Number of protein chains: 4
Amino acid sequence: MTPNPGRQAGRPRSAEKREAILAATLALLTAQGYVRTTLDQVAARAGVSKSTVHLRWKTKADLVSAALAAQRVGDHVAPLTGDARADLVTRLAAFATFLDDVRGMRLIGTCLAEEEHHPELLALMRERTVGPRRALFREALEQQPGLAADPEDVVSALIGSYFADYYAGRTTGDRNAWAVRVVDLLLGGALRR
Amino acid sequence: MTPNPGRQAGRPRSAEKREAILAATLALLTAQGYVRTTLDQVAARAGVSKSTVHLRWKTKADLVSAALAAQRVGDHVAPLTGDARADLVTRLAAFATFLDDVRGMRLIGTCLAEEEHHPELLALMRERTVGPRRALFREALEQQPGLAADPEDVVSALIGSYFADYYAGRTTGDRNAWAVRVVDLLLGGALRR
Amino acid sequence: MTPNPGRQAGRPRSAEKREAILAATLALLTAQGYVRTTLDQVAARAGVSKSTVHLRWKTKADLVSAALAAQRVGDHVAPLTGDARADLVTRLAAFATFLDDVRGMRLIGTCLAEEEHHPELLALMRERTVGPRRALFREALEQQPGLAADPEDVVSALIGSYFADYYAGRTTGDRNAWAVRVVDLLLGGALRR
Amino acid sequence: MTPNPGRQAGRPRSAEKREAILAATLALLTAQGYVRTTLDQVAARAGVSKSTVHLRWKTKADLVSAALAAQRVGDHVAPLTGDARADLVTRLAAFATFLDDVRGMRLIGTCLAEEEHHPELLALMRERTVGPRRALFREALEQQPGLAADPEDVVSALIGSYFADYYAGRTTGDRNAWAVRVVDLLLGGALRR
DNA sequence: CATGAATGAGACTTCATTCAT
DNA sequence: CATGAATGAAGTCTCATTCAT
């Protein structure tokens with residue numbers, strides 16, 4: 001009575017479509033935020049019908065969650081060199097460049113704005129993106145001998161410098177020089193010794 | 001500016017309604033973000049009709065801009081004491097407490113998320129809120145002799161620490177202790193001397 | 001603060017539109033049943049926008065309930081003459097003619113079919129239509145001296161004869177002759193005396 | 001007609017699935033009506049895929065027609081005893097009990113409601129269900145000597161009493177006592193002799 | 001034969017905005 | 001000035017049906 005459980009019956013789901021849908025969702029999400037992103041847009045951009053989207057994800061929230069969860073962090077991370085200061089600079093510059101490129105602050109903004117209606121979005125970002133990213137900084141930081149501060153505080157100050165600059169509209173052309181300044185500030189402090 | 005309360009002629013209650021509408025708008029904006037906030041909700045919360053809202057602001061974007069512009073920063077700011085470290089701690093703790101109380105990150109998130117469709121919202125926040133707030137920190141910081149770093153970088157790291165903590169879901173009960181840690185980290189650096 | 005409670009502020013709701021919407025709803029309901037009747041159809045037939053419908057009735061079920069509740073029974077009822085047999089014939093013929101004209105069995109069918117999802121429809125029909133209609137027959141019947149049967153049973157057999165004929169596809173051209181036959185059957189019984 | 005159960009070749013399980021699908025269709029039809037019954041529900045309840053349903057019946061209307069046509073009436077009919085009154089009571093009570101049990105009025109309601117879009121449903125009911133059922137009553141009635149009324153009128157009044165009671169919400173616990181009352185009313189008439 | 005994927009048409013509902021009173 | 005009616009555009013989700021495996 002039950003169909004052969006070892007073989008998949010029927011037509012298999014297209015993996016390309018899945019990827020296309022998730023990519024389209026993430027792009028639109030970043031550009032317009034959760035509420036403005038419509039399933040029509042997603043379907044059109046992914047080149048599938050709206051119903052195909054609904055076939056795989058029951059609701060819009062499900063789709064968006066899947067798109068966020070499919071994000072990857074840590075591809076192409078430069079390996080540690082043993083020099084904490086240099087590694088922090090490298091990773092901070094890479095982080096800033098990445099967020100610049102993907103307009104990351106808009107996506108982050110959406111998750112913050114939707115915290116009331118869809119707390120799972122922020123939760124997903126924390127789990128899949130924030131956590132791994134912070135771990136990269138912690139890892140680099142732990143190479144540093146004589147660290148006297150709470151590493152999490154340092155990580156927050158590093159990452160937060162990007163956020164606050166963006167929010168204030170401070171633009172920075174050279175991400176490397178910026179990263180050097182921020183890391184030096186955090187490691188050495190603001191005061192002349 | 002306020003209509004003479006003893007007279008009947010002119011436009012009675014006009015200013016009250018204006019305030020009520022703007023306050024309702026800001027509250028809803030913070031709770032739900034731009035797109036989810038409807039004019040019906042605003043009108044209901046302000047105790048006026050939807051048309052009354054449209055009478056004063058032509059579009060929803062205008063209304064929201066007005067609500068953001070009406071925000072005030074710097075009420076009840078503690079005066080400087082001459083002790084940069086202490087003043088920074090005071091102001092940072094006040095800043096964090098304020099954002100905690102008004103769920104500020106949601107409003108900020110909305111402005112970031114809407115940057116594509118309504119860049120004026122983020123611009124307004126920068127002009128009316130971010131700028132004045134950063135000035136408070138700069139002012140306190142400039143009391144500090146022997147400052148070797150770019151003050152704007154320090155301000156971004158201070159403010160950004162709040163942002164990054166929030167985004168990461170790091171919760172902090174005692175805002176004062178937290179501010180002490182962050183200010184010490186920024187002024188003294190992460191390394192043992 | 002509260003607007004003058006004695007006068008209606010703003011534009012009054014058009015009574016014509018209300019009537020048109022309810023009439024359109026009832027007509028479509030009769031022709032197609034609950035589920036097939038769409039708000040687009042209702043709006044188009046009533047000559048209003050869909051939103052106008054929603055302004056007055058929050059949901060489709062509300063609208064349909066209102067349309068059913070607005071039905072009237074007992075307009076143009078012939079007054080009693082004192083002759084029970086004659087009055088029953090008159091009223092039964094009128095009843096059958098009315099149901100023939102308005103395709104009443106379809107509307108009844110819809111309410112029966114929707115009993116699971118929308119029991120309020122059947123309940124409304126019972127309260128507004130069935131009850132008053134049965135009362136007309138009871139009233140006529142009670143004039144009859146020497147009534148030995150339960151009047152409600154007699155009413156059910158009279159009315160039910162129409163239902164069963166319709167369901168069986170028995171067509172009857174002359175509603176008066178049919179009513180005479182049914183009333184005689186019920187009053188006198190099927191057996192030769 | 002049924003495939004040889006001892007063989008593997010041909011179309012195994014085909015008949016079982018057919019029965020399961022038709023039974024599921026009828027059950028859902030009764031519970032929800034035509035329009036609300038979806039092929040997904042039918043397939044799920046029958047334990048087959050939606051495509052398997054379409055493989056056998058081209059459209060939803062075809063499937064529903066088949067399900068209605070597959071209904072049987074007259075199983076377990078008590079044989080006639082020669083006593084018309086007693087046989088009518090037996091059969092009327094059985095009829096009422098059956099409709100009570102299978103929620104027959106909802107299915108009937110659906111066919112009435114769909115008369116516009118799918119007249120074949122009502123036609124099928126008349127042919128397969130109404131006709132045979134009425135024949136059972138006629139058969140019992142024809143045993144009665146001295147019958148002065150049109151037998152079809154009597155049958156309609158008997159059956160219709162059930163319909164009208166249901167439509168009016170008159171509930172009856174003891175179906176036998178109810179049948180006695182109705183048959184007596186029809187045979188003897190409502191008047192005291 | 002049987003399954004599951006894919007789709008186009010359509011339904012209900014929401015909302016910013018414009019009118020009429 | 002202020003209100004409530006009226007509306008057009010749009011959004012999410014459902015479903016019968018057709019394809020591909």
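Every chain is numbered from 1 and lettered A, B, ... according to where its sequence line falls, protein lines coming before strand lines. Everything numeric in this text was worked out from a predicted model, so none of it was measured.
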Q.
Using 0.5 Å steps for rounding, measure from the CD1 atom of Ile21(A) to the CG atom of Leu55(A).
A. 9.0 Å
Q) Where the side chain of Ser49(C) is concerned, which of dA2(F), dT7(F), dA5(E) is the nearest nucleotide? A) dT7(F)
Q | Distance, rounded to the nearest Å, where Arg18(D) contributes CZ and dC1(E) contributes C1' | A | 16 Å
Q: With sequence neighbours left out, write down each residue that passes side chain to side chain donor-acceptor pair (under 3.5 Å) with Arg36(A), or none if nothing qualifies.
A: Glu114(B)
Q | With Glu127(D) via side chain to side chain donor-acceptor pair (under 3.5 Å) - residues at least two apart | A | none
**Q.** For DNA chain F, the residues among residues 111-121 of chain B that have a non-hydrogen atom under 4.0 Å from it
**A.** none
Q: Determine whether more than 12 heavy atoms belonging to other residues, nucleotides or ligands lie under 6.0 Å from atom CZ of Arg103(B).
A: no
Q) Can you check the Asp62(A) CG to dT12(F) P distance for me, whole Å? A) 14 Å
Q) OG1 of Thr37(B) to CG of Leu26(B): how many Å apart, nearest 0.5 Å? A) 10.0 Å
Q: Could you encode protein contacts along nucleotides 15-21 of chain E as a string, one character per nucleotide from 5' to 3', using B for base contact, S for sugar-phosphate-only contact and - for no contact, with a heavy-atom cut-off of under 4.0 Å?
A: BBBBBBS
(Q) Within the 4.0 Å heavy-atom criterion, would you say Arg56(C) contacts the bases, only the backbone, or no part of the nucleic acid? (A) sugar-phosphate
Q. Is the number of heavy atoms from other residues, nucleotides or ligands under 6.0 Å of Arg126(B) CZ greater than 12?
A. yes
Q. Atom NZ of Lys60(B) and atom OG1 of Thr25(B): how far apart are they, to the nearest 0.5 Å?
A. 10.0 Å
Q | Pairwise distance OG1(Thr110(B)) to CD(Glu115(A)) - rounded to 0.5 angstrom | A | 11.0 Å
(Q) Please report the interatomic distance OG1(Thr30(A)) to CD(Glu116(B)), rounded to the nearest 0.5 Å. (A) 11.0 Å
Q: Answer whether the closest heavy-atom distance between the side chains of Arg56(A) and Arg13(A) falls below 4.5 Å.
A: yes
**Q.** Test item: Tyr34(D) and His117(D) side chains (from C-beta on) under 4.5 Å apart, heavy atoms
**A.** no
Q | Spacing of Thr129(D) atom OG1 and Leu107(D) atom CG [to the nearest 0.5 Å] | A | 8.0 Å
Q. Based on Watson-Crick and G-U pairs with both distances under 3.5 Å, what dot-bracket line describes DNA chain F 5' to 3', crossing pairs as [ ] and inter-strand pairs as |?
A. .||||||||||||||||||||
Q | Within-4.5 Å side-chain heavy-atom neighbours: Thr38(C) and Gln41(C) | A | yes
Q) Can you tell me how far C1' of dG4(F) sits from NZ of Lys17(C), to the nearest Å? A) 13 Å
**Q.** Contact list for DNA chain F against residues 22-33 of chain A - heavy-atom distance below 4.0 Å
**A.** none
